[in-house]
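Below is one structure, written out as structure tokens; comments come after it.
Residue numbers count from 1 along this sequence. Below, all heavy atoms of this structure are taken into account, side chains as well, without hydrogens, waters or symmetry copies. One-based numbering, in listed order, for ligands and for the atoms of each.
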Amino acid sequence: MTLAARSPRVVALAGGVGGARMIDGLHRVLEEGMLTAIVNTGDDFTHWGLHISPDLDTVMYTLAGLAPEERGWGIEADTFEVLAESKRRGGDHWFQLGDRDLVTHLRRTTALAASATLTEATAAVCSGLGITRPILPMSDGPCPTVIVTKDSRSVAFQDWLVRERGAPEVASVQSTGSASATPEVLRALAEADLIVVCPSNPYVSIDPIRSLDGVDRWLHEKITVAVSPLLGGKAVKGPLASMVSSIDRTEPSAGWVARHYADFLDGIVVHQGDRFESSIPQLETDILIQKPEDRVRLARELLEFARSRL
Ligand code: FO1
């Protein structure tokens, strides 16, 4: 398999802060029209009557330059007056919706109530934020991720991650619902020259996308390169390292990421010092991408790697 010399058409699969930062790098490097982001919606849930799509939000705010550098999610320097007022009146306050952030959830929920699809609602929110590149929810239907804990409870993803602070040990992750990928997602995958699996949590960000009908086939057919979400066995953000230990009972490492994706992977980008014994092509580089200039550097290196080594 080879990549065409022209600028490749790239589809990036993502969820969470790492995925959003990788998409931002690709977005800054690729020509207009050459990048489509497909984003996990397994984290979506209803809160205060609003449709919250945390991973779509994080990708949109990152591309719009609104995401806080440290925390990653929500809007930089947002205030939480509504949350504080809700708390004063005895309301739910475990999930922190910022005042400016609320506009996103209100606009999305209003569009959905007026019969827009989640794809259409996302395009409308993107347009309001000045984002012109396509950001596609993986599905227009509900497909909630459920965490099955070692003490045999089935917990909705945000409840486990935020309300219970990711503390209960995870036995397995289930993608529920009967949702299928959208026609827009399947078209983007069919037209892609390169699929990038962003440095997102494989269990709760990438596997839910793969589980949708018609998606996995394209990962096998196209050139697919992953960026490891683990650096020196640790995740920059989120619960991945402890999930690898509790679900797969093994050490978290870049090698584990490659094994998890073994059936379709054509190459993997790993952090300096994380190279592992394998026949899979590896690019070893600095994969910390908190700052925009590092996102651009990694995106350039990844595209070069995909072009020259595969
Ligand atoms: N994560 C938290 O840890 N605590 C929160 O209160 C929280 C609020 C929140 C609001 C909007 C949004 O788009 C994301 C938010 N997140 C919060 C992040 C989110 O729970 C997770 O990081 C993702 O679902 C994981 O990909």
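Of all protein heavy atoms, the one lying nearest to atom 10 (C) of ligand 1 is Phe95 CE2, 3.3 Å. Looking at atom 3 (O) of ligand 1, its nearest protein heavy atom turns out to be Val162 CG2, 3.8 Å. Here the protein heavy atom with the shortest distance to atom 13 (O) of ligand 1 is Asp57 OD2, 2.9 Å. The single protein non-hydrogen atom nearest to atom 6 (O) of ligand 1 is Gln96 N, 2.8 Å, given as residue, atom name and distance. Looking only at heavy atoms of the protein, atom 21 (C) of ligand 1 is closest to Leu161 CD2, 3.6 Å. Taking atom 18 (C) of ligand 1 as the reference point, the nearest protein heavy-atom neighbour is Trp73 CG, 3.4 Å.
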Evaluation steps, ring-ring contact (aromatic ring centres under 6.0 Å, His included), between His260 and Tyr203: CA-CA 9 Å; His260 191 83; Tyr203 298 115; 5.5 Å; yes
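The pair Glu221-Arg217 counts as a salt bridge, with a side-chain nitrogen and a carboxylate oxygen less than 4.0 angstrom apart. Taking 4.0 Å as the cut-off between side-chain N and carboxylate O, Arg108 and Asp57 count as a salt-bridged pair. Between Asp263 and Arg210 there is a salt bridge, since at least one side-chain N of the basic residue sits less than 4.0 Å from a carboxylate O of the acidic one. Using a 4.0 Å cut-off between a side-chain N of Lys or Arg and a carboxylate O of Asp or Glu, Arg21 and Asp24 do not qualify as a salt bridge. Ion pairing between a basic and an acidic side chain is recognised when a charged N comes within 4.0 Å of a carboxylate O; Arg297 and Glu301 show such pairing. Using a cutoff of 4.0 Å between basic side-chain nitrogens and carboxylate oxygens, Glu85 and Arg88 are scored as salt-bridged.
Residue-to-ligand polar distances keep His105 apart from ligand 1: every N/O pair is separated by 3.5 Å or more. Looking at Asp101 next to ligand 1, no N or O pair under 3.5 Å apart turns up.
Within ligand 1, counting atoms from 1 as listed, the ones closer than 4.0 Å to a heavy atom of Gln158 are 19 (C), 20 (O), 24 (O). For ligand 1, the atoms sitting less than 4.0 Å from at least one non-hydrogen atom of Gly16 are 26 (O), numbered in the order shown with element in parentheses. Listed by atom number, the atoms of ligand 1 under 4.0 Å from Asp43 heavy atoms are 23 (C), 24 (O), 25 (C), 26 (O). Near Asp55, meaning under 4.0 Å from any of its heavy atoms, are these atoms of ligand 1: 23 (C), 24 (O), 25 (C), 26 (O).
Within 6.0 Å of CD on Glu70 lie no more than 12 heavy atoms contributed by other residues, nucleotides or ligands.
Looking at Asn201 against ligand 1, nothing comes within 4.0 Å, counting heavy atoms.
For the pair Thr58 and ligand 1, no heavy-atom separation below 4.0 Å is found.
Under the 4.5 Å side-chain criterion, counting only non-hydrogen atoms from C-beta, Asp266 is not in contact with Pro281.
Between the choices Gly238, Pro54, Gly166, the shortest heavy-atom distance to atom 14 (C) of ligand 1 belongs to Pro54.
A cation-pi geometry, defined here as NZ or CZ lying under 6.0 Å from the six-membered ring centre and within 45° of its normal, holds between Arg71 and Trp73.
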